[in-house]
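Below you'll find the structure, written out as structure tokens, and then a few comments.
All ligand and atom numbering here is 1-based and tracks the order in the structure.
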Amino acid sequence: MHSHYIAVFSEDADLFPRVAAALPEDATAAYVTSLEDLRHTLKEDPALVVVALPPDPTGFVDSALVADLQGYPVVLLTPVEELPIAVLDTLFALSPRALVSVPFESDELRDTLSVVTGETKVQTAESQLRETLADANRRLNARLQEINTIYTVGKSVSASLDADEVLERAVVASVNLTRAEEGFIVLQEGDKLFTRVVKWRNHPLPERLYTETSDSIAQQVIRSGRPAMLHRKTKIATGFFVRALLYVPLQVSGTGTFGILGVVNRVKDEPFTEHQLFTLSSVADFVAIALENARFFSMVETERSRMGAILEHAAEAIIVTDLDNRLWLWSNTAAGIFSLDDEARGQAIQSYLEHDEIRDLFDRAAREPAPVVHTEVTLEGGRVYNAQLSTIEGVGRVAVMQEITHLKELDRLKSEFVSTVSHDLRTPLTTIQGYVELLDRVGPLNEMQVNFIDKALNSLSHITALISDLLDIGRIEAGYDLEMGPIRVGELVETVAEDVEVEAAQADIEIRVDVADAPLISWGNARRLRQVIDNLVNNAIKYNNPGGWVEVHAHRDDDHIIVAISDNGIGIPPEEQPKIFERFYRVQSPETEEVQGTGLGLAIVKSVIEKHKGRVWVESSPGEGSTFAFVLPVHKPDGGSATS
Ligand code: ADP
């Protein structure tokens, strides 16, 4: 061996000066640019061969030269990009002394070469001591190289998000690192085991499989989570003959063992070592993490495409933002309405969307702690949408908008119809009522006639009440006569209580009033709020028993005024309670049969209170009584939030 003779191969001659600068001073070097020339240099038995991999390394890898290079110490200069598996495989077979990535600093290469050539020189020295030293040095180097290789292999294994590719890379690396004849990966699915990738001794490339296996040693490794290392002259495992095997578990903390990475020797009678166990376990750690990543990635991908499809085809206009109200996803319908394109992604909704109502909705959601906020959005052309915005903690906001233009129109037509009819009916009814009342003035009536007139008047007053309730509800919903001003709620309660005194006495009901001393001022329409209290107090008298009582409370709680009307009357069954605020709904029972009513009183109460940004509810037990309560915001004269 020529201890100073170094062969340098690179297709690109520009690389030579930089390699030359890194060679030891006493070295003679042959610089060649063709594989043919490289073969010639080998005849000189060089102490070291430096090979710069061409950008497309397949020519080099496929050439017969690779086999000739086997016996020589080789330093590989490799491009940084990921190398294909087949190339990696061949390169590992060369057992390079060092891998240096291109581009490199001359210093870096010099250090590497001096270690490698130094090592070679020492090998040729005679002294026993030096040889021992060289041996230690070589082992240390080999170890370093190996750790470096494991790291490189790990990086290459975990670089892929495709599970099958991860498996292939891992098997190839394992076989090369342990110098085993074969390698494979078995994964568990349910209670079955499947061999997924195999690298056979004489096949250059690994092969993907999906074959069920009953390998009992693999089963045992998965069950115990501990590796298995065996060496026998006879049959090992259930499926095939091997002389030596090494299986390590694939596991990630928390999810247990889900497979094995194994290498075997069938032909050569060579046991695996502790050292190889360490190497294989390191690769297995990378594989497990890479597989987890691949699994998460594919899960996220599936979810994302499912979400995308839902959004794309949803009839509703859907807009999703992050918690800073930056646009993130939207449905096709929303894209059409708000002219959203790819450019919009990541933009703040406040600066990107022109529609005030939508911007206000997102603003409100950011300010208010409520998980859901609503609004109606009217767009150009008069289309109306019902928009509901939900905030999802830690994720973002979703606005869903349904078109309700036709519903609004129907509602308007219906209200108009009811109002017209009611109005037109009221005039003739008043006339009829007038004449009926006059009947007894025009001549004496017999008892039966008086009785009939009473019945007619009774029915007339019911119809008049119904019509006036219908007109009221129409007006309230249309927003008519809702001029707002400061309201002294306490006084309103007291006035109503005084007004019903006579009626209550007739029914033998006691009225109690408990109003806070401090002024209770809200913002609203006095006539309508009075109607609310009046309806509730009247119901409490109507649906009561002689000797009963009605109690009216009004007090302030923080920013709210609470009015509660309680009675110890007939009460309302729990299943009826949610329905009584609907129009025309009346509880059907023997106790209510005799009580006159239109079924509109509570619907009016609910409409009015909602127009005042308040809330009304009931608590009741049949046979014990009921409490109807409502809250209104306190009016703050300085223009605080509670007023508007
Ligand atoms: P109505 O004209 O029938 O009184 P409302 O809308 O005012 O219509 O009330 C709806 C129904 O709720 C009533 O028919 C009655 O069955 C029930 N209800 C209302 N208030 C009370 C109450 N204080 N106690 C028991 N039942 C009540």
Side-chain angles (χ1 to χ4, degrees), residues 415 418 422 426 429 458-477 493 496-497 499-501 503-514 527-554 562-612 614-631:
S415 301
V418 170
S422 319
R426 196 145 71 165
L429 275 174
N458 217 349
S459 289
L460 274 169
S461 83
H462 178 71
I463 296 181
T464 319
L466 178 66
I467 287 176
S468 111
D469 277 357
L470 276 174
L471 278 172
D472 274 350
I473 215 162
R475 299 175 84 92
I476 293 163
E477 282 179 3
V493 165
V496 173
D499 286 354
V500 296
E501 198 84 349
E503 204 183 320
Q506 275 170 2
D508 191 15
I509 306 286
E510 185 196 347
I511 303 278
R512 306 173 192 158
V513 180
D514 174 18
R527 193 161 92 82
R528 292 296 175 204
L529 285 177
R530 186 175 166 161
Q531 190 176 8
V532 165
I533 303 168
D534 201 57
N535 282 358
L536 294 176
V537 173
N538 266 309
N539 278 351
I541 297 172
K542 275 200 305 187
Y543 300 102
N544 213 323
N545 305 307
W549 49 258
V550 174
E551 224 167 60
V552 192
H553 291 265
I562 302 179
V563 178
I565 292 103
S566 308
D567 63 60
N568 65 340
I570 62 169
I572 306 159
E575 66 279 9
E576 303 278 5
Q577 291 174 19
K579 304 182 202 158
I580 55 174
F581 289 94
E582 288 169 16
R583 291 178 202 181
F584 301 112
Y585 194 86
R586 307 198 67 212
V587 176
Q588 303 296 337
S589 71
E591 292 100 326
T592 56
E593 215 170 30
E594 293 296 310
V595 186
Q596 280 222 6
T598 60
L600 283 170
L602 290 179
I604 292 177
V605 166
K606 186 160 180 273
S607 272
V608 172
I609 294 298
E610 283 176 357
K611 288 278 179 201
H612 283 77
R615 205 162 57 79
V616 55
W617 68 95
V618 61
E619 284 161 22
S620 179
S621 310
E624 288 179 24
S626 316
T627 296
F628 284 82
F630 62 87
V631 292

query: Taking NZ, NE, NH1 and NH2 as the nitrogens, is one of them in D567 or R512 under 4.0 Å from a carboxylate oxygen of the other?
result: no

task: For the pair S620 (side chain) and G571 (backbone), establish whether a donor and an acceptor sit closer than 3.5 Å, ignoring hydrogens and angles.
output: no

task: Identify, by atom number and element, the atoms of ligand 1 in contact range of D567, meaning under 4.0 Å from any of its heavy atoms.
output: 22 (C), 23 (N)

field: Atoms of ligand 1 close to A540 [distance to a heavy atom under 4.0 angstrom, numbered from 1]
entry: 23 (N)

statement: Out of V605, N539, V587, the nearest non-hydrogen contact to atom 16 (O) of ligand 1 is supplied by V587

query: Going by heavy atoms, is I572 under 4.0 Å from ligand 1?
result: yes

Q577 side-chain N/O to I572 backbone N/O, donor-acceptor pair under 3.5 Å: yes

- prompt: Hey, does the side chain of K542 reach the backbone of Q596 with a donor-acceptor pair shorter than 3.5 angstrom?
  reply: yes

- line: Output for pair (I565 CD1, N538 CG), nearest 0.5 Å, gives 11.0 Å

field: ligand 1 contact by F628, heavy-atom criterion under 4.0 angstrom
entry: yes

- prompt: Is the closest heavy-atom distance from G599 to ligand 1 below 4.0 Å?
  reply: yes

task: Mark yes or no for whether S607, through its side chain, and I604, through its backbone, hold a donor-acceptor pair below 3.5 Å.
output: no

- request: Please indicate whether any nitrogen or oxygen in Y585 is less than 3.5 Å from any nitrogen or oxygen in ligand 1.
  value: no

task: Ignoring hydrogens and angles, state whether a donor on the side chain of S461 or T464 is under 3.5 Å from an acceptor on the partner side chain.
output: no

statement: Near R586 (heavy-atom distance under 4.0 Å), the atoms of ligand 1 are 1 (P), 3 (O), 14 (O)

query: What atoms of ligand 1 come within less than 4.0 Å of a heavy atom belonging to I580?
result: 10 (C), 12 (O)

- request: Would you check the N or O atoms of G571, main chain and side chain alike, for any that come under 3.5 Å of an N or O of ligand 1?
  value: no

- prompt: V595 and Y543: which non-hydrogen atoms are nearest, and at how many Å?
  reply: CG1-CE2, 3.7 Å

query: Applying a 4.0 Å heavy-atom criterion (strictly less than), which segment of K542 is in contact with ligand 1: side chain, backbone, both, or neither?
result: side chain

- prompt: Considering only protein heavy atoms, which is closest to atom 21 (C) of ligand 1, and at what distance to one decimal place?
  reply: Y543 CD1, 3.6 Å

query: Between N568 and E624, do the side chains contain an N or O donor and an N or O acceptor separated by less than 3.5 Å?
result: no

message: For the 3.5 Å polar cut-off, considering only N or O atoms, please tell me whether L602 and ligand 1 meet it.
response: yes

task: Kindly confirm or rule out an N or O of Q596 lying under 3.5 angstrom from an N or O of ligand 1.
output: no

